[in-house]
Visitor: 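Attaching a single structure in structure tokens format; questions to follow.
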Amino acid sequence: MKGRNPSEGKGQGFRKAILINEHLVVYGVPAIAVPILLPVEVTASVGRGAGLRIFVHPTTAGNPRKDIDSDRFEAVRRVLRTMGLSETENMIQIQCGDDLPGWSGLGSSAGFCVALTRALCKALSRSCPDEEINRIAYEGEKVFAANPSGIDNTVATHGQTVWFERGRMPAWEWIRIGLPLWIVIGYSGMPARTRDEVEKVARFRDTHESVFSGLVQGATRLGRDARTALEKGDRVSLGALMDRGHAMLQQLGVSNERLDEMIAFCRHQGALGAKLTGGGGGGCMLALVSDQSEGETMVGGLEQMGYPALCVKLGREEEPG
Ligand code: PMV
């Protein structure tokens with residue numbers, strides 16, 4: 001390593017919302033994910049000495065604390081190993097926010113792995129193309145998601161709306177959103193581990209083979225129709241497809257009462273469609289709404305029910321709307 005010692009770098013990774021086909025994407029079904037402009041930020045410093053320290057900064061006021069999250073340590077170690085960086089030959093310090101695993105389902109772990117990889121590359125003055133960042137971050141994401149499809153780290157790296165099909169080469173293509181999309185995100189208040197939910201679905205597949213293969217076929221059609229609706233700007237059809245996507249996720253056993261309660265509320269309040277997003281088992285749901293003001297009203301209602309919520313526009317600024 002050249003230059004200053006220790007040297008520091010900062011990195012960012014996007015969070016995301018999966019509009020259709022989380023979980024089934026692990027088995028090669030096409031899925032669509034959209035970046036959310038709530039980036040995960042990490043600062044890394046690499047200097048003389050030996051060791052790995054992770055400090056977590058509270059979102060509200062307060063002093064940073066030393067991390068005790070074994071998953072995060074393991075993910076950092078895998079990223080370091082993939083980059084050929086040794087904690088016995090370098091003193092490595094990582095600083096991050098305390099929003100993991102809170103609000104799970106929004107790709108925070110992949111955002112963390114991408115932000116970490118970028119921060120380390122900057123600290124080491126290594127130039128690293130996005131594809132390499134994505135590849136390294138995927139190794140860290142395996143800790144959080146067991147058998148990750150790769151959709152989360154791809155959106156976290158590139159920050160673009162993605163059509164993702166595991167097993168295809170290349171596995172993703174960018175798609176354009178043909179309309180402004182406002183969604184309400186509601187948090188169940190239950191952090192969940194994506195890995196546990198991915199394993200739950202794997203058990204479902206082993207024990208319900210023919211139901212599972214029916215779901216795979218249905219979800220493949222659903223994915224294609226959702227893409228058409230998204231590109232055409234047909235919100236109403238997209239919403240109906242999201243509702244059907246949620247019914248499949250319920251069948252897979254990854255929804256729960258809190259998610260279903262929020263989803264029923266949003267539909268009753270006029271959402272065009274609503275579903276859990278990400279791993280489920282807790283975490284977040286999303287509801288597609290017609291505009292920001294409808295979304296803000298729904299946020300108020302969810303908060304009165306005791307669920308933290310926010311209304312965001314999906315996609316990047318350069319996308320329409
Ligand atoms: O819970 P999240 O935000 O990490 O999303 C997981 C998405 C899954 O489809 C369940 C897993 C994957 O790797 O695609």
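Note that the coordinates shown come from a computational prediction; the quantities given were computed from them, not determined experimentally. Counting starts at 1 for both ligands and their atoms, in listed order.
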Visitor: Taking N or O atoms only and a 3.5 Å limit, does H23 qualify as a polar contact for ligand 1?
Guide: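 N/O-N/O distance under 3.5 Å: yes.
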Visitor: Say whether T194, considering both its backbone and side-chain N or O atoms, lies within less than 3.5 Å of an N or O atom on ligand 1.
Guide: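 Yes - when backbone and side-chain N and O of T194 are compared with those of ligand 1, one distance drops under 3.5 Å.
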Visitor: Are the charged groups of K200 and E197 less than 4.0 angstrom apart, N to O?
Guide: yes
Visitor: Can you confirm whether the side chains of D130 and T157 place a donor and an acceptor under 3.5 Å from each other?
Guide: no
Visitor: Among the heavy atoms of G105, does any lie under 4.0 Å from an atom of ligand 1?
Guide: yes
Visitor: Tell me which pairs pass side-chain hydrogen bond (donor to acceptor under 3.5 Å, both in side chains) where either residue lies in residues 212-223, with sequence neighbours left out.
Guide: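 Non-adjacent pairs meeting side-chain hydrogen bond (donor to acceptor under 3.5 Å, both in side chains): zero.
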Visitor: Just which atoms of ligand 1 are under 4.0 Å from any heavy atom in P148?
Guide: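 In order of number, 13 (O).
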Visitor: So which bit of D152 gets within less than 4.0 Å of ligand 1, heavy atoms only: side chain, backbone, both or neither?
Guide: side chain
Visitor: For the residue pair H158 and W172, categorise the inter-ring angle as parallel (less than 30°), tilted (30 to 60°) or perpendicular (more than 60°).
Guide: tilted
Visitor: Should I18 be counted as touching ligand 1, given the test is an N or O pair under 3.5 Å?
Guide: no
Visitor: Is there a side-chain contact between L272 and S290 in this structure, where contact means two heavy atoms from C-beta onward sitting under 4.5 Å apart?
Guide: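 L272 vs S290: side chains touch.
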Visitor: Without placing hydrogens or testing angles, list every side-chain donor-acceptor pair under 3.5 Å for residues 295-305, not counting sequence neighbours.
Guide:
| unit_1 | atom_1 | unit_2 | atom_2 | d |
| --- | --- | --- | --- | --- |
| T297 | OG1 | S293 | O | 3.0 |

Visitor: Just checking, is any N or O donor in the side chain of R176 or T161 under 3.5 Å from an acceptor N or O on the other one?
Guide: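 Judged by distance alone, the side chains do not pair up.
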Visitor: One residue to check: K16. Relative to ligand 1, which of side chain, backbone, both or neither has a non-hydrogen atom less than 4.0 Å away?
Guide: side chain
Visitor: Enumerate the atoms of ligand 1 whose separation from the nearest heavy atom of L106 is less than 4.0 angstrom.
Guide: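 Selected atoms, number and element: 3 (O).
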Visitor: Under a heavy-atom criterion of less than 4.0 Å, does G107 contact ligand 1?
Guide: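 Yes; G107 lies near enough to ligand 1 that a heavy-atom distance drops under 4.0 Å.
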Visitor: Could you tell me whether D291 and R235 make a salt bridge, using a distance below 4.0 angstrom between a side-chain N and a carboxylate O?
Guide: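 Looking at D291 and R235, the cut-off is not met.
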Visitor: Which ligand 1 atoms are under 4.0 Å away from a heavy-atom of I151?
Guide: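 Those of ligand 1 that fall under 4.0 Å from I151 are 14 (O).
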Visitor: Which atoms of ligand 1 are found less than 4.0 Å from any heavy atom of E22?
Guide: 9 (O)
Visitor: Name the closest protein heavy atom to atom 14 (O) of ligand 1, giving the residue it belongs to and the distance to 0.1 Å.
Guide: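 Looking only at protein heavy atoms, the one closest to atom 14 (O) of ligand 1 is S149 OG, 2.5 Å.
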Visitor: Closer than 4.0 Å to some heavy atom of G278 - which atoms of ligand 1 meet that?
Guide: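 Close to G278: 1 (O), 5 (O).
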Visitor: In terms of atom number and element, which parts of ligand 1 are under 4.0 angstrom from non-hydrogen atoms of V25?
Guide: 9 (O), 14 (O)
Visitor: Do F212 and H208 make the cut of ring centroids closer than 6.0 angstrom?
Guide: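 No, they do not, as the ring centres are separated by 6.0 Å or more.
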Visitor: By number and element, which atoms of ligand 1 are closer than 4.0 Å to a non-hydrogen atom of G279?
Guide: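 Under 4.0 Å from G279, ligand 1 has these atoms: 1 (O), 2 (P), 5 (O), 6 (C), 10 (C).
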Visitor: Less than 4.0 Å between a side-chain N and a carboxylate O, is that true for K122 and E8?
Guide: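 K122 and E8: not salt-bridged.
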